[in-house]
Amino acid sequence: MGKDPTVRSKIFRSLRIAVAALAATVVATLLVAAPASAHDNLLESDPSAGATVTSLDSVSMTFSGELIDFDQTSFAQVQGPDGLYYETSCSTIEFNVLTTPVALGEAGTYTVVWNAVSSDGHPISESFTFEYAPDASTQAALGWDLPACGSGEARVQPEAVPTASATPPVSESISPAPSESSGAESSAGGDLVVVLGIGAGVIVLAVLIIGIVWLGRVRKRRSE
């Protein structure tokens, strides 16, 4: 005995609804997952996060896709335990590898902060740390107060000591200042000459007066 057509219709309708719901779920899942899977991500770094290195001249990072560099927006900054930066120049990009040259300072924990623009134009950024344990004979480099990229000539090395000039400064010939005592002696000598001159004049005048008086008396006696 066959089934009731009404029952078959209800069964088919339920199956159609279930298939439609399943299809909608699959499409929604694909739509949500597609943009996320398009973003590139960091595959590996050298040094890796948490690693300990005894020497290092660059930090490199490999991404899942080719990077896009819009005016140095893809970069890495390497900051030491003293808070200073140890990149020697801006980062460079070769396809999907970002490389930053460094010269590290004292031993300790270094932090790498990076930013990259993935192939779909989406910027991504993260950070990780590594340990630097150089040999005792390794000379520590001096750090900078600002990152290498975007700072230009504005950044300085706070611990740098100014180098003394190899050429000694040209000495200027300075004429000796006149001695105060010599000036005083000259002044005193001039005053003495003036006094002697006045004294001589007074003596000559006195002699003339005496001579005139004497001649007057002599003439008076002769006339008597």
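Because the structure is predicted, anything quoted here is derived from the model rather than measured. The basis for the numbers below is simple: all heavy atoms, side chains too, and nothing from hydrogens, waters or symmetry mates.
- Once rounded to the nearest 0.5 Å, the distance linking CD of Glu153 with CG of Leu146 reads 13.0 Å.
- Shown here are the side-chain hydrogen bond (donor to acceptor under 3.5 Å, both in side chains) partners of Asp57, two or more places apart in sequence or in another chain: there are none.
- Here CD of Glu126 is found 10.5 Å from CG of Asn115. Values are rounded to the nearest 0.5 Å.
- For the pair Ser45 and Pro47, the tightest heavy-atom approach, listed with the atom from each and the gap, is OG-O, 2.9 Å.
- In this structure, the separation between SG on Cys149 and CZ on Arg155 is 9.5 Å, given to the nearest 0.5 Å.
- The OG atom of Ser64 sits 8.0 Å away from atom CG of Asn96, with the distance rounded to the nearest 0.5 Å.
- Cluster partners of Leu43: none. The rule joins Ile, Leu, Val, Met, Phe, Trp and Tyr whenever side-chain heavy atoms lie under 4.5 Å apart, and it links nothing here.
- Taking Thr73 as the reference, nothing meets the side-chain hydrogen bond (donor to acceptor under 3.5 Å, both in side chains) condition, with sequence neighbours excluded.
- Applying the 4.5 Å side-chain rule to ILVMFWY residues, one finds Leu42, Val53, Leu56, Val59, Met61, Leu67, Val78, Leu84, Tyr86, Ile93, Leu98, Val102, Leu104, Tyr110, Val112, Trp114, Ile124, Phe128, Phe130, Tyr132 in the same cluster as Phe63.
- Using a distance-only test at 3.5 Å, with no hydrogens or angles considered, a donor-acceptor pair links the side chain of Ser91 to the main chain of Ala76.
- Of the inter-residue distances, the one linking Gln79 atom CD with Thr129 atom OG1 reads 12.5 Å to the nearest 0.5 angstrom.
- For the pair Cys90 and Gly150, the tightest heavy-atom approach, listed with the atom from each and the gap, is SG-N, 4.4 Å.
- Distance check: His122 NE2 to Ile68 CD1 gives 12.5 Å after rounding to the nearest 0.5 Å.
- Hydrophobic clustering, defined by side-chain heavy atoms of Ile, Leu, Val, Met, Phe, Trp and Tyr closer than 4.5 Å, leaves Phe95 isolated from every other such residue.
- Contact detail for Ser89 and Pro101: the closest heavy-atom pair is OG-CG, 3.0 Å.
- Within 6.0 Å of CD on Gln157 lie more than 12 heavy atoms contributed by other residues, nucleotides or ligands.
- For the pair Ala160 and Leu142, the tightest heavy-atom approach, listed with the atom from each and the gap, is CA-CD1, 3.8 Å.
- Counting all heavy atoms, side chain and backbone alike, Ala107 lies closest to Ala133 at CB-CA, 4.4 Å.
- Residue Tyr85 shares its hydrophobic cluster (ILVMFWY side chains chained together at separations under 4.5 Å) with no other residue.
- Nearest heavy atom pair, residue Pro147 against residue Ser151, reads O-OG, 2.6 Å.
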